Student: 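Please read through the structure below; I'll follow up with questions.
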Amino acid sequence: MFATRFAPSPTGYLHRGHAFSALTASEAARAAGGRFVLRIEDIDATRCRPEFEAAIFEDLAWLGLAWETPVRRQSEHLDDYQAALSRLEADGLLYRCFRTRKEVAAAIASAPHGATEVFRGAPLPADEEARRLAAGEPFAWRLSLDAASRKLGGFGGLTFTDEGEGVVSARPELGGDVVLARKDVGVAYHLAVTVDDALQGITHVIRGRDLFEATHVQRLLQALLGLPEPTYRHHRLLTGPDGRRFAKRDRAETLRSLRERGMSAADLRKELGFD
Ligand code: GLU
């Protein structure tokens, strides 16, 4: 059955861009007679706040959306991400990375010919790793593109289907050796999203163009974890009068401030093309 989702992170109030994304997904589910799922992506405990989560429910209800319940909150499902991580680790696809952000940036900058803007690394020699672990140094788990490529016999056969672009060759190398488990929270965005899309039976991932590159990495994770492959739709990003995309920093454009200024949900839906 057709199923799509809107997956905001409660790190700020929703703005027009979120409304467009949520309406696009919800409308697609309605048109297909399918499911519309709302997922709260709150693994980053330092940035997510309960009042932003409450505002998400309030703002989406104001917009006239209805979603399945119970709503999945990622922070309550860390075991699911841990299980996926253990499987990838058992398959030899991960390595521990002890580097600080600064060290990662320095490693990228010193890559031969400055050829890449992403990080590629390798496991530390066993004795150094053992020493750091014994010293209690924190580490992240990164996906090894070299190991992933060996396992799949290269990425040549890896594709995803985008409703706008057709069949796209997946190029996970665009993301480098992504972090799948952060030092602080033990999981990271790409892994949580990929696991959840599969667990929630999402057949159509509908989200903004800003996440197009993420799809390359997430497609690889699906292949490595043996998960089903959804169809993708990356919708256009709304821009303000200054031509810039709406972002959480644009406080005046949050749905709550539009509402406070007297805009009705019907007006906003109409402005966004959802009459
Ligand atoms: N939680 C992500 C965000 O708020 C979206 C994830 C997704 O749609 O895949 O940007």
Side-chain angles (χ1 to χ4, degrees), residues 3-29 35-57 59-60 63 65 67-68 71-78 80-81 84 160-164 168 170 172 174-175 178-180 182 185 187-222 225 227-238 245-250 253-255:
T4 190
R5 84 304 196 276
F6 176 58
S9 301
T11 54
Y13 292 120
L14 299 185
H15 52 68
R16 273 186 162 87
H18 292 112
F20 181 73
S21 203
L23 282 164
T24 302
S26 149
E27 181 52 31
R35 299 166 49 215
F36 174 62
V37 170
L38 170 64
R39 183 166 74 223
I40 301 293
E41 304 216 319
D42 62 346
I43 51 176
D44 188 338
T46 57
R47 295 175 61 227
C48 294
R49 301 227 301 258
E51 63 266 36
F52 293 138
E53 183 188 301
I56 288 172
F57 295 127
D59 291 348
L60 295 181
L63 258 184
L65 300 190
W67 52 87
E68 274 187 13
V71 169
R72 185 174 172 91
R73 194 180 280 124
Q74 290 188 323
S75 59
E76 293 171 352
H77 297 278
L78 299 180
D80 289 329
Y81 314 132
F160 60 87
T161 301
D162 177 88
E163 286 181 354
V168 179
L174 294 174
V178 289
V179 169
L180 295 185
R182 289 168 30 164
V185 285
V187 56
Y189 162 69
H190 288 300
L191 184 70
V193 163
T194 306
V195 166
D196 282 352
D197 284 339
L199 278 176
Q200 295 191 289
I202 300 301
T203 59
H204 288 70
V205 173
I206 298 175
R207 59 187 178 191
R209 282 233 42 121
D210 54 330
L211 289 167
F212 197 90
E213 276 200 9
T215 301
H216 294 264
V217 180
Q218 292 169 21
R219 179 68 196 102
L220 172 60
L221 289 176
Q222 288 154 8
L225 289 165
L227 301 176
E229 178 191 346
T231 298
Y232 288 85
R233 186 197 304 177
H234 297 94
H235 60 69
R236 71 186 171 89
L237 300 177
L238 286 193
R245 356 186 320 228
F246 290 113
K248 285 182 176 150
R249 61 177 176 272
D250 301 319
E253 297 299 336
T254 62
L255 301 188

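Keep in mind that the numbers below use all heavy atoms, side chains included, and drop hydrogens, waters and symmetry copies. One-based numbering, in listed order, for ligands and for the atoms of each. For clarity, every value in this text was computed on a predicted model and none was experimentally measured.
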Student: Which atoms of ligand 1 sit under 4.0 Å from any heavy atom of E41?
Tutor: 1 (N), 2 (C), 5 (C), 6 (C)

Student: If we set the cut-off at 4.0 Å for heavy atoms, which region of L211 has an atom near ligand 1: side chain, backbone, both, or neither?
Tutor: side chain

Student: Where the closest heavy atom to atom 2 (C) of ligand 1 is concerned, which of A25, G208, A7, A192 has it?
Tutor: A7

Student: Would you mind running through ligand 1 and noting each atom that sits below 4.0 Å from a heavy atom of R207?
Tutor: 7 (C), 8 (O), 9 (O)

Student: Any Lys/Arg nitrogen of D42 or R72 sitting under 4.0 Å from an Asp/Glu carboxylate oxygen of the other?
Tutor: no

Student: Taking the basic N atoms (NZ, or NE/NH1/NH2) and the acidic carboxylate oxygens, is any pair closer than 4.0 Å for R5 and D196?
Tutor: no

Student: Below 4.0 Å from ligand 1: does a non-hydrogen atom of R5 turn up there or not?
Tutor: yes

Student: Is R73 salt-bridged to E41, going by a charged N under 4.0 Å from an acidic O?
Tutor: no

Student: By side chain to side chain donor-acceptor pair (under 3.5 Å), which residues pair with R209, not counting sequence neighbours?
Tutor: E165

Student: After noting the C-alpha distance and the side-chain angles of T11 and R49, does the key distance pass the side-chain contact (heavy atoms from CB on, under 4.5 Å) rule?
Tutor: CA-CA 6 Å; T11 54; R49 301 227 301 258; over 6 Å; no

Student: So for Y189, does at least one of its heavy atoms come nearer than 4.0 angstrom to any atom of ligand 1?
Tutor: yes

